[in-house]
Q: 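Structure below; questions to follow.
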Amino acid sequence: MKHHTQLKLAGGLFLLAAALSYAAPASENWENLCTKCHGADGKGQTKVGKKLSLKDYTDAKVQAELKDADMAKAITGGIKDKAGKDKMKPYTDLTTAEVTDLVAYIRKFKS
Ligand code: HEC
């Protein structure tokens, strides 16, 4: 019985290590790819963010209107303006896990 638990634990740690080597943590991706516009605090009050009139992710109402699937779609598919120009470029290099983590990360801005 005890042996079995240890094996399971070892397997779990192996999977965790494997996942970490593929995906950057959401905080790192956010910092590197997203803060320029959305801000480190998610409020979108950066120079670019203000120009693009970004949503404030600390606003509970904004959060309530966002669906996880739409957020993931925006991250992987990007957002275009009416003229078809990229307002936010698609992040096609991110793994599905990284996108899911980023969505969860954005949810945590809600105050
Ligand atoms: C060049 C500026 C820019 C960068 C960089 C950027 N975004 Fe955006 N993002 C936008 C704009 C513009 C919108 C659409 C307006 C809005 O929704 O506030 C948007 C919308 C979104 C949305 C859709 C939800 C919504 O607010 O309608 C999500 C989710 C999102 N961004 C996440 C991210 C993530 C995660 C990253 C980094 C991987 C990122 N963004 C990087 C500009 C940017």
Side-chain angles (χ1 to χ4, degrees):
M1 210 32 190
K2 199 174 164 219
H3 184 67
H4 183 71
T5 311
Q6 275 170 352
L7 254 180
K8 255 168 85 176
L9 188 66
L13 285 175
F14 174 76
L15 280 179
L16 185 70
L20 286 176
S21 65
Y22 283 117
S27 56
E28 206 172 281
N29 279 330
W30 182 258
E31 176 66 36
N32 291 337
L33 308 170
C34 324
T35 50
K36 189 173 61 132
C37 297
H38 290 284
D41 57 4
K43 288 186 177 174
Q45 289 300 304
T46 61
K47 210 172 147 207
V48 199
K50 281 182 190 159
K51 222 169 95 187
L52 296 169
S53 51
L54 292 195
K55 290 171 190 161
D56 177 357
Y57 293 144
T58 64
D59 186 335
K61 207 176 133 241
V62 167
Q63 288 272 354
E65 282 164 3
L66 290 172
K67 300 217 164 41
D68 282 5
D70 293 338
M71 290 167 82
K73 216 175 118 198
I75 297 168
T76 54
I79 293 177
K80 292 192 193 309
D81 64 13
K82 283 190 196 108
K85 228 181 103 220
D86 275 348
K87 274 169 81 182
M88 173 175 148
K89 69 168 186 140
Y91 291 93
T92 47
D93 293 348
L94 297 172
T95 65
T96 311
E98 282 176 312
V99 172
T100 309
D101 287 355
L102 276 169
V103 170
Y105 190 81
I106 293 171
R107 290 297 187 197
K108 290 204 192 113
F109 288 126
K110 184 174 142 182
S111 45

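Remember, it's 1-based here, ligands and their atoms both numbered in the order they're listed. The basis for the numbers below is simple: all heavy atoms, side chains too, and nothing from hydrogens, waters or symmetry mates. Since this is a predicted model, take the numbers as computed values, not measurements.
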Q: With a 4.0 Å heavy-atom cut-off (strictly under), which part of L54 contacts ligand 1: side chain, backbone, both or neither?
A: both

Q: Within a radius of less than 6.0 Å around NZ of K73, do more than 12 heavy atoms belonging to other residues, nucleotides or ligands occur?
A: no

Q: So, does I79 sit close enough to ligand 1 that a heavy atom of it is under 4.0 Å from the ligand?
A: yes

Q: Which protein non-hydrogen atom lies closest to atom 23 (C) of ligand 1, naming both residue and atom, and how far is it?
A: A74 CB, 3.4 Å

Q: Taking heavy atoms and a distance under 4.0 Å, where does L66 meet ligand 1: side chain, backbone, both or neither?
A: side chain

Q: Nearest 0.5 Å, what's the NZ-OH distance between K110 and Y57?
A: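 It comes to 15.0 Å.
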
Q: Would D56 and K43 count as a salt bridge (Lys or Arg N to Asp or Glu O under 4.0 Å) if you check the C-alpha gap in whole Å, the side-chain angles of each, and the deciding distance to 0.1 Å?
A: CA-CA 4 Å; D56 177 357; K43 288 186 177 174; 5.7 Å; no

Q: What residue and heavy atom of the protein are closest to atom 41 (C) of ligand 1, and at what distance?
A: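 Its nearest protein heavy-atom neighbour is Y91 OH, 3.4 Å.
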
Q: Return yes if some donor-acceptor pair links the side-chain N/O of T76 with the main-chain N/O of T92 below 3.5 Å, else return no.
A: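 Flag not set: sc T76 to bb T92 has no pair under 3.5 Å.
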
Q: For residues R107 and K67, report the shortest heavy-atom separation together with the two atoms involved.
A: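 Minimum heavy-atom separation between R107 and K67: NH2-C, 3.8 Å.
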
Q: Atoms of ligand 1 less than 4.0 Å from M71 heavy atoms?
A: 29 (C)

Q: Looking only at N/O atoms, are Y57 and ligand 1 under 3.5 Å apart anywhere?
A: yes

Q: Within the structure, does H38 bring an N/O atom to less than 3.5 angstrom of an N/O atom in ligand 1?
A: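 For ligand 1, there is an N or O atom that lies under 3.5 Å from one belonging to H38.
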
Q: Considering only heavy atoms, which of E31, M88, K87 lies nearest to atom 32 (C) of ligand 1?
A: M88

Q: Return yes when N29 approaches ligand 1 closer than 4.0 angstrom through a heavy atom, no otherwise.
A: no

Q: Numbering the atoms of ligand 1 from 1, which are under 4.0 Å from a heavy atom of I75?
A: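 This gives 32 (C), 35 (C) as the contact atoms.
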
Q: In ligand 1, which numbered atoms sit nearer than 4.0 Å to a non-hydrogen atom of L33?
A: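 Numbered from 1, ligand 1 contributes 5 (C), 37 (C), 38 (C), 41 (C).
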
Q: How close does the nearest protein non-hydrogen atom get to atom 34 (C) of ligand 1, and which residue and atom is it?
A: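 Closest protein heavy atom to atom 34 (C) of ligand 1: C34 SG, 3.4 Å.
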
Q: Other residues, nucleotides and ligands only: do more than 12 of their heavy atoms fall within 6.0 Å of CG on D86?
A: yes

Q: Looking only at protein heavy atoms, which one is nearest to atom 25 (C) of ligand 1, and how far off is it?
A: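 The closest one turns out to be K55 NZ, 3.3 Å.
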
Q: Would you sort out whether M71 and I106 count as a side chain to side chain contact (heavy atoms under 4.5 Å, CB included), showing the intermediate values?
A: CA-CA 9 Å; M71 290 167 82; I106 293 171; 3.4 Å; yes

Q: Can you name the atoms of ligand 1, numbered from 1 with element, that are less than 4.0 Å from a heavy atom of C37?
A: 1 (C), 2 (C), 3 (C), 4 (C), 5 (C), 43 (C)

Q: Taking the side chain from T46 and the backbone from K36, do they hold a donor-acceptor pair closer than 3.5 Å?
A: yes

Q: Let me confirm one number: the SG-CG distance from C34 to L54, rounded to the nearest 0.5 Å.
A: 11.0 Å

Q: Regarding ligand 1, does K36 bring an N or O atom to under 3.5 Å of one of the ligand's N or O atoms?
A: no

Q: Can you tell me how the ring of W30 sits relative to the ring of Y105, calling it parallel under 30°, perpendicular over 60° and tilted otherwise?
A: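 Geometry flag for Y105 against W30: tilted rings.
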
